[in-house]
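For reference, the structure discussed in these notes is given below.
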Amino acid sequence: MGYTYEIIQGSEGLPVKTIIHAVDSFQMHWHNEMEFLLVLEGSVSIRVGEEVYYLKENDIILVNSDELHSTRKTKDENVLLAVQINSNFYSSLFPDFNKIRFNCKSFEYEEEEQEVFDTIRHYIAKIVWELNKKDLGYQLKVGSYLYLLGEHLLNNCEYDSIEKEDTELRDTDLARLQRIMDYVNQNSHKKITLKEIAKREHLNYYYLSHFIKGKIGMSFQEYLNTVRLDKAVKMLITTDMSIIDISNTSGFPNVNSFNNLFKETYNSTPSEFRKNWNYPIKGETKKSKTYLDVDRDAALEKLFTYLDTETLEVDETVVKRDIETIYIDSKKEGKYFKNHWQNLTTFGRAHEGLRANWQKQFIEMQSEIGFNYIRFHGIFNDDMMIYNISPEGNVEYNWTYVDELLDFFMKIGIKPFIELSFMPEELKRTNETIFWWKGNISPPKDVKLWTDLVEAFIKHCINRYGMEEVKSWYFEVWNEPEYEYVFWAGTKEEYFEFYKETALAIKSI
């Protein structure tokens, strides 16, 4: 958990980003973009400043730019749509738009008063629809719905304006909060006090106490406990540490205070929580629910119910526009149906593709379906025996298993989609792994050794299969680094540099 300033990037140059996700932990953050949060399933608790709101299915809230906010799981599972819009998009036509703070909360109104919010839901659904369809000129359609959405907010939602002086003061306050929360997050395992932080910030103790309470809606001690509790939960579900060790490592003064706060927050003891979670065995990591638990198709189906005025009726059946209807009529000429799903299939790790029974089954599947590409990971795992150090200390590459796998793909007519992963034992900096077969997620101890490996691999493929063939393949750096200690054990900055150097190594060839 942390207090984070979130950098939002638009979709392919557009000033909007849409995210379907589940809330599974507490995170306090803020960003320059305005953000709509629409609950598609279940319920969620949302704090904006000092106010805490309980949102259920269909509820929508607008979080204004630079408003400190956080989301938290309730007893229900949940699925949310977040639509983040760069408000500078509106400023060229409406210069004061950035100074406006909207009050847009559907749950404060009765069911018969939802017309204003139904229109907002409709525009949001249209934006997501166009971003998914990507028809020619879809960017123009998305832009038009963003403008309609902005106009609708101005004419139908309550708002007030922020003066320039208030904006400057807000920026100063947020910078101070950033320093304070960074310090708390980095030192929560120690005994830290508000007086200590007041001294660091050269502020009066009582002023700082009111400042924190007024900005984040909770006392300093409540925030510190929340930070500690969030770290404790991660240890509960990803390690086999004892409850006492987790309590001590998280920074709680004693195990009783840890147990009491945990039960108050999660309505169960830490031991019951761990048992119900079914935490992994030692050395393995459980993937975040934020990724696994969201059924994206079901979420989109729910979201697109807000498009009811934009659907088509065919023989008394309502059909969404992204579904192509084919009529079977013996008197009319047929129509070719392109199977888009034939473009790509996947399997687990590279070494599994060397097994005779796996290859036998895949040959049968490929002969009946005919996929174009096959994606997998673990090409650099130690079980592929690529990276070796000679007794003299020299790096020696062994491509035997790689050749066997890629030769098999060439023989049956399918092209590889290669995830460059994971870190070989001899290159790892730390010992973190994922999956039962121990894929190492560590950054390299020397990025030059890693890029040497990548370059040698690409050049070997070109020498064996030819430049034109390898140009038709896909390569990627292993993905999902945002899931901390799930697929990447380094920092975000380290991943950005790792990705850059890997991409440049391939492009240099």
Side-chain angles (χ1 to χ4, degrees), residues 278 280-281 283-289 291-298 323-324 326 336-388 397-425 433-441 453-454 457-458 460-466 468-480 483 486-487 506:
N278 189 25
I281 61 174
E284 292 191 359
T285 310
K286 189 178 181 73
K287 203 172 185 181
S288 169
K289 282 188 178 180
Y291 176 84
L292 282 181
D293 287 356
V294 176
D295 183 339
R296 188 174 182 275
D297 290 339
I323 299 176
E324 184 175 4
I326 297 177
Y336 175 73
F337 180 73
K338 184 177 180 181
N339 295 323
H340 299 280
W341 44 264
Q342 284 182 291
N343 199 43
L344 177 71
T345 187
T346 67
F347 73 106
R349 73 188 196 281
H351 196 264
E352 293 173 354
L354 300 174
R355 298 173 182 171
N357 60 343
W358 183 92
Q359 292 188 0
K360 181 180 178 182
Q361 291 181 28
F362 189 77
I363 288 172
E364 182 178 352
M365 183 176 77
Q366 181 68 353
S367 66
E368 294 184 5
I369 299 177
F371 288 103
N372 297 325
Y373 287 89
I374 185 164
R375 183 182 178 274
F376 56 96
H377 48 219
I379 193 72
F380 293 155
N381 273 13
D382 290 321
D383 54 13
M384 294 297 285
M385 298 185 177
I386 294 174
Y387 201 92
N388 305 279
Y397 302 120
N398 173 18
W399 307 112
T400 303
Y401 284 164
V402 169
D403 292 345
E404 286 186 23
L405 181 64
L406 298 182
D407 286 354
F408 170 71
F409 292 153
M410 297 299 102
K411 181 179 178 181
I412 65 172
I414 192 168
K415 296 178 182 292
F417 187 131
I418 301 173
E419 177 190 290
L420 299 170
S421 64
F422 286 96
M423 192 60 60
E425 176 76 16
T433 63
I434 189 171
F435 307 127
W436 66 267
W437 40 267
K438 310 298 183 188
N440 193 286
I441 60 172
L453 168 61
V454 172
F457 170 64
I458 301 296
H460 174 78
C461 292
I462 291 172
N463 290 336
R464 189 172 182 86
Y465 305 105
E468 292 307 310
E469 174 61 32
V470 176
K471 276 185 177 181
S472 67
W473 298 358
Y474 286 97
F475 299 90
E476 66 170 336
V477 186
W478 81 68
N479 53 23
E480 298 173 285
Y483 294 108
V486 178
F487 284 102
I506 297 176

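Here NZ of Lys411 is found 13.5 Å from CD of Gln366. Values are rounded to the nearest 0.5 Å. To the nearest 0.5 Å, atoms CG (Leu405) and CE (Met384) are separated by 5.5 Å. Distance CD1/Ile462 to CD/Glu468: 10.0 Å, rounded to 0.5 Å. Here the CE atom belonging to Met365 is positioned 6.5 Å from the CD1 atom belonging to Ile374, to the nearest 0.5 angstrom. Considering NE2 of His377 and OG1 of Thr346, their distance stands at 9.0 Å, rounded to 0.5 Å. Atom OG of Ser367 and atom CD1 of Ile412 lie 9.0 Å apart (nearest 0.5 Å).
Between the Trp478 side chain and the Phe487 main chain, a donor and an acceptor come within less than 3.5 Å of each other. Without hydrogens or angle criteria, Asn381 side chain to Phe422 main chain gives a donor-acceptor distance under 3.5 Å. At distances below 3.5 Å, not a single donor-acceptor pair connects side-chain atoms of Gln342 with backbone N or O atoms of Asn372. Formation of a donor-acceptor pair under 3.5 Å by the Glu419 side chain with backbone atoms of Gly378 is not found in this model.
More than 12 heavy atoms of other residues, nucleotides or ligands shown are found within 6.0 angstrom of CZ on Phe475. Within a 6.0 Å sphere centred on CZ of Phe347, heavy atoms belonging to other residues, nucleotides or ligands number more than 12.
Shown here for Ile506 and Val454, the closest heavy-atom pair between the two residues is CG1-CG1, 3.7 Å. Contact between Leu453 and Pro424 at its shortest, heavy atoms only, is CD2-CG, 3.9 Å. Nearest approach of Tyr373 to Pro416, heavy atoms of both residues: CD2-O, 3.9 Å.
Ring geometry for Trp341 versus Phe371: interplanar angle over 60°, hence perpendicular rather than tilted (30 to 60°). Using a 30° and 60° split on the angle between ring planes, Trp358 and Phe409 fall in the perpendicular class, above 60°. Using the six-membered ring where Trp is involved, His351 and Tyr401 have ring planes that are perpendicular, over 60° apart on the 30 and 60° scheme.
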Task: Residues Glu476, Phe417; criterion side-chain contact (heavy atoms from CB on, under 4.5 Å); working and verdict - done: CA-CA 8 Å; Glu476 66 170 336; Phe417 187 131; 3.6 Å; yes

Open item on the list: Between Met385 and Thr400, does the side-chain contact (heavy atoms from CB on, under 4.5 Å) criterion hold? Intermediate values first, please.
Closed with: CA-CA 8 Å; Met385 298 185 177; Thr400 303; over 6 Å; no

- [ ] Determine, step by step, whether Arg464 and Leu406 satisfy the side-chain contact (heavy atoms from CB on, under 4.5 Å) criterion, reporting the C-alpha distance in whole Å, the side-chain angles of both residues, the deciding distance to 0.1 Å, and the verdict.
- [x] CA-CA 10 Å; Arg464 189 172 182 86; Leu406 298 182; over 6 Å; no

- [ ] Start with the C-alpha distance between Ile418 and Phe457, add both sets of side-chain angles, then the distance that settles side-chain contact (heavy atoms from CB on, under 4.5 Å), and finish with yes or no.
- [x] CA-CA 11 Å; Ile418 301 173; Phe457 170 64; 3.8 Å; yes

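Within the 4.5 Å cutoff, the side chain of Ile369 has no heavy atoms near those of the Thr345 side chain. Looking at heavy atoms from C-beta onward, Asn440 lies in side-chain contact with Thr433 at the 4.5 angstrom threshold.
Residue His460 forms a ring pair (Phe, Tyr, Trp, His ring centres under 6.0 Å) with just one option from Trp399, Tyr397, Tyr465, and that option is Trp399.
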